[in-house]
Structure formats: structure tokens, C-alpha cells
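Accompanying notes for the structure given below.
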Amino acid sequence: MTPTPALFTYQQSQRIIMKTLSNLLVGIVVLLHCGFLTMEMFLWTTPFVRGIFDLTQEQAGFTASLAANMGLYNRFLAVGLLWGLLAKREGFAIKVFFLACAIVAGIYGAITVKQSISVFQALPAAFSLFLVWLEHRGYEGSKAVQN
């Protein structure tokens, strides 16, 4: 009996799994930033968002335009990460840049606004960046083996 050829080698299947996981996590970061932009641009003065940031109605009203500006930046991060997911050749560099921006923004927000921002913004972006790097490292390693 002749063995049937495997559809994918073990290494190829590992690369597919890693790419899927890293892209899934980047997608979650995109969704988080879409949520941040929605809160900051459209829901800033609602009781829900005021409770998250411990703001009075007056404080929320006074800072609404600043929050909308923050929301716009979160939109840029979300769109940039989507671009990285859709880009073929440059996708890795684009994702690294925008994930690094999200990490820096999350750390700065944790220092200046509320510590939990690091958990909801910086930590998911850092974990995503780690998986994107691992996936890229595996891809580059498999290219070197093929050559």
C-alpha cells in the first residue's frame, strides 16, 4: 500500500494556525478600537461611559470634544490594523507599526487617565504583536529552509 501524500506538512499547518491566531487577535484589537471610538465619539456623555471614567455630567460635557478627538485616533488605529490584515506583502510591517502605536497609547492612557486602560488597550495589542512576530518569524524561518 502506498501512503497518501499529506495535504499539508506539519510545518505548513503550524504556519496556518499561527497566522490564523495572530490575525484573529489583531481583529479583536480592531474591534476593541472600534468600541473605544464609539464610546469616545458618540457615547461620552452617557451614564455608562461617565461611570467607566468616573465623570460627572458637567465634566463629560466639558471634555466631549477632547474625547471625540481621542476617538478619531482610535479610528486611525483600527483602520491601520485592518489595512495590515488586508495587505499582502507589507502586512507584517503595517501591523507591527499600528500595534506598537496602540501599545504606546494604552500605556500613556494608563499613566495619565486610568490604569485599566493598559488591560483593555495595551495588553491585547502587546499579545497581538507577540503573535504577529512569532508568525512572521516562523514564515521567515520556513523561507530560509526552502532556499
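For the numbers below, each heavy atom of this structure counts, side chains included, while hydrogens, waters and symmetry mates do not.
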**Asked** Got a second to check how far Arg50's CZ is from Thr63's OG1, nearest 0.5 Å?
**Response** 11.0 Å
**Message:** If I take atom CZ from residue Phe76 and atom CH2 from residue Trp83, how far apart are they, to the nearest 0.5 angstrom?
**Reply:** 13.0 Å
**Prompt:** When you look at Leu131 and Met18, which way does the side chain to side chain contact (heavy atoms under 4.5 Å, CB included) test go after all the steps?
**Reply:** CA-CA 7 Å; Leu131 286 182; Met18 186 56 73; 3.9 Å; yes
**Complete:** Separation between CG (Leu85) and NZ (Lys95), nearest 0.5 Å, reads 5.5 Å
**Prompt:** Which heavy atom of Gln121 sits nearest a heavy atom of Ala105, and at what distance?
**Reply:** NE2-CB, 3.5 Å
**Complete:** Heavy-atom closest pair (Val49 atom, Met39 atom, distance to 0.1 Å) is CG2-CG, 3.9 Å
**Request:** Assign the ring pair Trp44 / Phe53 to parallel, tilted or perpendicular, where the plane angle (0 to 90°) is split at 30° and 60°.
**Result:** tilted
**Request:** Indicate, with yes or no, if Ile103 and Ile117 share a hydrophobic cluster defined by side-chain heavy-atom contacts under 4.5 Å among Ile, Leu, Val, Met, Phe, Trp and Tyr.
**Result:** no
**Message:** Quick check against the 3.5 Å criterion: does Thr9 have a side-chain atom that pairs as donor or acceptor with the backbone of Gln12?
**Reply:** yes
**Message:** So, using side chain to side chain donor-acceptor pair (under 3.5 Å) as the criterion, who are the partners of Ser118 when residues are at least two apart?
**Reply:** none
**Asked** Is there side-chain contact between Phe42 and Leu37, with at least one heavy-atom pair below 4.5 Å?
**Response** yes
**Message:** Distance check, rounded to the nearest 0.5 Å: Ser116 atom OG versus Leu123 atom CG?
**Reply:** 12.0 Å
**Message:** If you compare all heavy atoms of Leu32 against all heavy atoms of Phe120, which two are closest, and at what distance to 0.1 Å?
**Reply:** CD1-O, 3.6 Å
**Message:** Let me check something: do Leu55 and Leu66 share a hydrophobic cluster, defined by ILVMFWY side-chain heavy atoms less than 4.5 Å apart, either directly or through other members?
**Reply:** no
**Complete:** Result for side-chain contact (heavy atoms from CB on, under 4.5 Å) between His33 and one of Leu77, Ile28, Thr38 points to Leu77
**Heavy-atom side-chain proximity of Phe92 to Val132 below 4.5 angstrom** = yes
**Spacing of Thr45 atom OG1 and Gln57 atom CD [to the nearest 0.5 Å]** = 5.5 Å
**Asked** Which pair of heavy atoms, one from Asn74 and one from Glu40, lies closest together, and at what distance?
**Response** ND2-OE1, 2.7 Å
**Prompt:** Does Leu129 share a hydrophobic cluster with Val29, counting links as ILVMFWY side-chain heavy atoms below 4.5 Å and allowing steps through other members?
**Reply:** yes
**Message:** Has Glu135 got a side-chain atom pairing as donor or acceptor with Lys19's backbone, closer than 3.5 angstrom?
**Reply:** no
**Asked** Do Val113 and Phe48 share a hydrophobic cluster (ILVMFWY, side-chain heavy atoms under 4.5 Å, transitive)?
**Response** yes
**Request:** Examine Leu81 and Phe97 and state if one hydrophobic cluster contains both, with Ile, Leu, Val, Met, Phe, Trp and Tyr joined whenever side-chain heavy atoms are less than 4.5 Å apart.
**Result:** yes
**Prompt:** Can you tell me how far NE2 of His136 sits from CH2 of Trp133, rounded to the nearest 0.5 angstrom?
**Reply:** 10.5 Å
